[in-house]
Q: 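Dropping a structure here in structure tokens format, bear with me for questions.
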Amino acid sequence: MRLRLWLLDVVSEQETAEPLLWLWCKDENGATWVVKQRYVPSFYLVGDLKGAEPTLESENLRWEHCERRIRGRPVEAIRVYVESGDSEKVAERLAKRAGGRTGVYEEDIRPAVKYFLETGVKPCSWIEVEGEHVGDGEGVSFFEAEAVDALEPSPPPKLSVAAVDFLFFSEKGSAKPERDPIRLISVCFNDGEKLQFEGGEAEIITSFSEAVRRRDPDVIVGFGLNRVQWSYFEERSRRIGVKPLVGRLEAEPRTSLHGHVSIRGRLNIDLDDMAREIPELTVETLEEFIEYLGIEMPIDIIGEYELADKWAKDEETVKRYSMQRAEAILRAYEAVKDFIFSLSELTSMPADYVLTASAGFRVENYLMALAVKVGELIPKRTEIPHISYPGGLVKAPSPGIHENVAVLDFRSMYPSLMIKYNISFDTLSDEGENIAPNGYRFRSSPEGFLPHALKTLLEERRKIQEKLRQVPPDSVEARVLDARQRAVKTIANAIYGYTGWVGARWYTREVAEATTAWGREVISSTIKKAEELGMRVVYSDTDSLFLKDHEGKLGELIRWIEGDLGLEAKIDRIFKRVIFTEAKKRYAGITEEGAVEVVGLETVRGDWSEIAREAQRNALEALLRTGDPKKALEKAREYARMVKRGAVDLKKLVIWRQITRPLSEYAATQPHIVVAKIMIDEGWKIQPGDKVGYIVVKGPGPLHARVKPYFKVMRDEVDWNYYLEKQLAPACGRVLEAVGVNPELILETAGEPTLMEFLE
DNA sequence: TTTAGGCATTCAGAATGAGTCTT
DNA sequence: AAGACTCATTCTGAATGCCT
């Protein structure tokens with residue numbers, strides 16, 4: 001029989017000695033299937049093949065000769081099939097016996113990964129299986145497949161989803177599984193059912209696990225599941241002797257290698273992983289995440305530090321808060337799921353894994369699948385020292401206010417250059433006819449591996465966008481297509497950076513270096529051309545130009561870029577006014593429509609206090625709207641007075657900074673490190689990646705001796721002077737100075753407005 | 001399990017230097 | 001008069017988070 005199924009995940013299962021994969025699937029009606037498929041992993045030998053043959057014979061391995069490529073160069077290879085045992089061990093044994101003249105490829109890639117690469121079957125996509133239905137059990141139907149085929153993309157079936165929030169806390173500091181019980185679990189299903197488990201901990205854990213088994217969700221989604229919650233849940237279960245059977249077929253959660261937890265048969269999706277890679281977020285909380293997604297829903301804000309207190313005083317409020325979180329998680333999941341599934345399908349990484357993987361690994365997985373397709377062998381990672389190379393060109397801005405400035409952007413400059421000059425690890429050659437400005441040479445044909453990847457991606461994106469125009473804008477199809485085109489774009493844009501990453505399997509510094517070198521040439525020749533056409537280039541960064549006096553001249557410049565450079569550029573926006581300081585990468589502008597955009601300045605930096613950011617934004621807006629520096633000064637003074645009087649919400653004084661490494665590795669004493677240490681002493685768990693918030697308080701000594709965790713600061717301790725002189729004044733001062741106002745005026749008259757100011 | 005380099009900024013702590021005190 | 005000491009200023013490097 002044949003079945004059409006949607007693939008959730010693929011897992012190696014050791015049922016017998018046979019190498020076997022389980023394909024966890026859903027059908028159109030929502031039934032769960034496990035498709036069992038025999039899959040024999042293989043690896044490649046290259047080099048001294050004659051020397052390897054006797055060993056292969058004596059080991060009784062199945063093998064065959066084949067043609068493959070290494071960095072574009074054709075090679076003879078032997079493909080060795082590993083029917084039983086571990087590929088890496090077999091390969092190592094073979095290599096040793098062959099005496100070092102034989103290279104080994106692809107033995108380091110796990111079977112479940114290799115299956116995707118070699119079959120072209122992709123997670124989060126539809127497949128057709130041919131075979132036999134062999135039995136049922138516990139909500140799962142088993143199928144033995146003879147053949148599995150990938151099908152054309154179409155929207156996923158309806159999946160059942162459980163959004164989960166675990167509640168645990170400590171009287172002081174972070175909750176510790178050796179001490180603090182789970183108090184509550186809130187679950188919100190996507191069919192509307194809401195459950196809350198409370199009471200004795202054993203009861204909470206068993207009834208939660210029981211409910212998960214009964215409702216049998218395909219997806220479990222949460223915020224902080226991977227880093228904290230699952231391991232907490234497991235540890236507490238162990239301590240009270242209850243099995244946390246939340247996986248399908250009675251499985252417990254399994255912590256896999258790199259901070260990712262697997263729940264058998266279900267997708268375990270942690271939105272915290274996603275929030276962490278969104279640069280717009282400063283503190284990466286659930287609240288901030290849903291706000292970023294544009295989801296409007298009431299949610300109480302209760303800090304971790306006040307949970308114990310609130311629970312003791314008013315349990316109901318905390319319970320409501322926890323359920324609100326579960327609901328918010330579900331709403332957020334609904335908003336991002338299409339993107340996750342698209343990314344999963346595109347990169348051939350299972351959906352719950354692709355979120356924890358960093359950009360580099362996503363690109364790599366995509367390239368690996370492509371490599372198998374074109375017969376390019378996948379190299380292993382090597383440890384090599386990092387050598388930095390020149391990047392994009394940044395032209396210093398002309399400081400001050402500029403009116404009517406057009407911003408010209410090159411479209412995907414680095415990908416376009418890689419395609420145009422066929423820049424790739426397999427076209428790099430001393431005889432290449434494409435010569436980069438820094439001397440590296442690339443053959444113009446045949447098409448390189450990376451340009452091929454990029455063309456495929458760009459073409460794919462073009463097709464999706466075309467389809468997108470043909471479907472109703474608010475339809476499911478539109479949402480899925482849009483998510484997919486964004487996924488394609490993120491992968492395409494990351495390929496250049498990937499080639500310069502030392503951790504990459506296909507790390508090739510020459511490729512990255514040549515790309516930026518051509519980029520610099522392009523931007524500087526465009527600046528020259530713009531000036532020849534009578535425009536003024538007031539600023540430029542990597543692939544964008546800010547142009548003044550552009551009336552009637554932009555068309556010619558764009559045509560020149562298309563004609564002479566063979567690249568695409570477009571006018572991204574036109575600013576009615578832009579203000580630059582002396583600094584690069586920092587400016588603010590206003591469009592004709594009145595939209596204010598702030599770039600690089602304190603306003604958009606998460607490591608400045610809210611009060612300084614707000615003051616700067618207000619000063620900038622006043623300046624950009626009126627063009628009058630006096631208005632900006634007035635705004636700045638208004639804020640200065642507020643700070644002097646101490647009339648500011650304490651939350652606006654918090655300065656957030658990330659802990660980027662184990663505390664012992666810091667060379668210099670810094671405020672946020674001091675605060676992290678204070679918190680650790682008080683029982684908080686702080687690890688790299690966490691953000692620490694502090695407030696500066698009065699007292700003697702260096703700054704790092706005058707900081708406290710934000711939630712422990714009383715109003716009368718605050719060092720208002722610090723916020724005035726080191727936060728507000730520099731943030732606003734920079735802006736004012738750029739328009740010729742003495743920044744000291746912010747402070748000098750901050751107390752009372754003088755008569756003169758009054759009259760103005 | 002860190003896609004790249006370019007950049008501004010703050011603060012800590014070392015280096016420098018002027019001035020004063022001690023022997 | 002030379003060296004020790006204090007204090008203020010200048011310089012350098014560590015660290016972070018932004019931009020394209």
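Within every chain, numbering begins at 1; the chains are lettered A, B, ... in the order of the sequence lines, protein sequences first and strands thereafter.
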Q: What is the distance, rounded to the nearest whole Å, between atom CD1 of Ile659(A) and atom C1' of dT16(C)?
A: 11 Å
Q: For Lys395(A) and dG6(B), give me the distance from atom NZ to atom C1', rounded to whole Å.
A: 16 Å
Q: Using modelled atom types and a 3.5 Å cut-off, is there a donor and acceptor pairing between side-chain atoms of Arg573(A) and backbone atoms of Val407(A)?
A: no
Q: Under the salt bridge (Lys or Arg N to Asp or Glu O under 4.0 Å) rule, what do Lys114(A) and Glu106(A) come out as? Steps first, then yes or no, please.
A: CA-CA 9 Å; Lys114(A) 217 152 193 241; Glu106(A) 301 189 13; 3.4 Å; yes
Q: When all nucleic acid strands are considered with a 4.0 Å heavy-atom cut-off, which category describes Val363(A): base, sugar-phosphate, or nothing?
A: nothing
Q: Could you tell me the separation between the CD atom of Glu277(A) and the P atom of dT1(B), rounded to a whole number of Å?
A: 18 Å
Q: Answer yes when Arg509(A) and Glu513(A) have at least one side-chain N-carboxylate O distance shorter than 4.0 Å, and no when they do not.
A: yes
Q: Please pick, from dG17(C), dC7(B), dT16(C), the nucleotide with the shortest atom-to-atom distance to any side-chain atom of Lys691(A).
A: dG17(C)
Q: Hey, is Asp426(A) close enough to Arg71(A) for a salt bridge, meaning N to O under 4.0 Å?
A: no
Q: Trp518(A) CH2 to dA4(B) P: how many Å, rounded?
A: 22 Å
Q: For dA15(C), take OP1 and OP2 only and decide whether either is under 4.0 Å from a side-chain N or O of Arg661(A).
A: yes
Q: When you match Thr669(A) and Arg734(A) each to their closest nucleotide on DNA chain B, which lands nearer the 5' end?
A: Arg734(A)
Q: Heavy atoms under 4.0 Å, any strand shown: does Trp608(A) hit a base, just sugar-phosphate, or nothing?
A: sugar-phosphate
Q: As a test of reading the structure: which of dT3(B), dA12(B), dA15(C) is closest to the side chain of Trp501(A), going by heavy atoms?
A: dT3(B)
Q: OP1 or OP2 of dT9(B) versus the side-chain N and O atoms of Arg586(A): is any pair under 4.0 Å?
A: yes
Q: Taking only the side-chain nitrogens and oxygens of Tyr587(A), find out if one of them lies under 4.0 Å from OP1 or OP2 of dC7(B).
A: no
Q: Using atom C1' of each nucleotide, how far apart are dG17(C) and dT2(B) to the nearest Å?
A: 15 Å
Q: Lys584(A) has a side chain; which of dC18(C), dA4(B), dC7(B) sits nearest to it?
A: dC7(B)
Q: Expressed in angstrom and rounded to an integer, what is the separation of Glu665(A) atom CD from dT2(B) atom C1'?
A: 14 Å
Q: Please confirm whether Lys380(A) makes a cation-pi placement over Tyr105(A), using NZ or CZ under 6.0 Å from the six-membered ring centre and within 45° of the ring normal.
A: yes
Q: Should the side chain of Tyr353(A) and the base of dT1(B) be counted as holding a donor-acceptor pair, with the cut-off at 3.5 Å?
A: yes
Q: Within the pair Ser388(A) and dG5(B), is there a side-chain N or O less than 4.0 Å away from OP1 or OP2?
A: yes
Q: Salt bridge between Glu602(A) and Arg734(A), side-chain N to carboxylate O under 4.0 Å?
A: yes
Q: So if I take every side-chain heavy atom of Gln658(A) and compare against dA4(B), dT9(B), dG17(C), which nucleotide ends up nearest?
A: dG17(C)
Q: With a cut-off of less than 4.0 Å, is there a side-chain N or O of His704(A) near OP1 or OP2 of dG13(B)?
A: yes
Q: Taking atom types as modelled, find out whether Asn226(A) and Asn268(A) have a side-chain donor-acceptor pair closer than 3.5 angstrom.
A: yes
Q: When the distance from CZ of Arg505(A) to P of dT1(B) is rounded to whole Å, what number comes out?
A: 14 Å
Q: Where the side chain of Ala583(A) is concerned, which of dG17(C), dT9(B), dT1(B) is the nearest nucleotide?
A: dT9(B)
Q: Nearest whole Å is fine: how far is dG6(B) C1' from Glu513(A) CD?
A: 15 Å
Q: Would you kindly give the CG-to-P distance between Leu601(A) and dC19(C), to the nearest whole Å?
A: 9 Å
Q: For dT3(B), does OP1 or OP2 lie under 4.0 Å from any side-chain N or O of Tyr389(A)?
A: no
Q: Base, sugar-phosphate, or nothing: which does Arg657(A) touch, judged by heavy atoms less than 4.0 Å apart?
A: sugar-phosphate
Q: Measure from the side chain of His672(A), starting at C-beta and using heavy atoms only, and say which of dA14(C), dT16(C), dT9(B) lies closest.
A: dT16(C)
Q: Any idea which of dT9(B), dA12(B), dC7(B) is nearest the Leu703(A) side chain?
A: dA12(B)
Q: Measuring from the side chain of Ala667(A) (C-beta onward, heavy atoms only), which nucleotide among dA14(C), dA4(B), dT2(B) has the closest atom?
A: dA14(C)
Q: Using a heavy-atom cut-off of 4.0 Å across all strands, would you classify Val502(A) as base, sugar-phosphate, or nothing?
A: nothing
Q: So what does Gly391(A) touch, heavy atoms closer than 4.0 Å: a base, only the sugar-phosphate, or nothing?
A: sugar-phosphate
Q: What nucleic acid atoms does Gly503(A) come within less than 4.0 Å of, heavy atoms only: base, sugar-phosphate, or nothing?
A: nothing
Q: Consider the side chain of Val394(A), meaning its heavy atoms from C-beta on, and name the nucleotide among dA15(C), dG6(B), dG17(C) that approaches it most closely.
A: dG6(B)
Q: Can you tell me which nucleotide in dA4(B), dT1(B), dT16(C) comes closest to the side chain of Ala357(A)?
A: dT1(B)
Q: Side-chain N or O of Thr499(A) versus OP1/OP2 of dT3(B): is the shortest distance under 4.0 Å?
A: no
Q: Using only side-chain N and O atoms of Lys585(A), determine if any of them is under 4.0 Å from OP1 or OP2 of dC19(C).
A: no
Q: Using a 4.0 Å heavy-atom cut-off, does Pro730(A) contact any base of the nucleic acid, only the sugar-phosphate backbone, or nothing at all?
A: sugar-phosphate
Q: Between Thr660(A) and Tyr666(A), do the side chains contain an N or O donor and an N or O acceptor separated by less than 3.5 Å?
A: yes
Q: Just to be sure I understand the rule, does Tyr366(A) reach a base, reach only the sugar-phosphate, or reach nothing, if contact means heavy atoms closer than 4.0 Å?
A: nothing
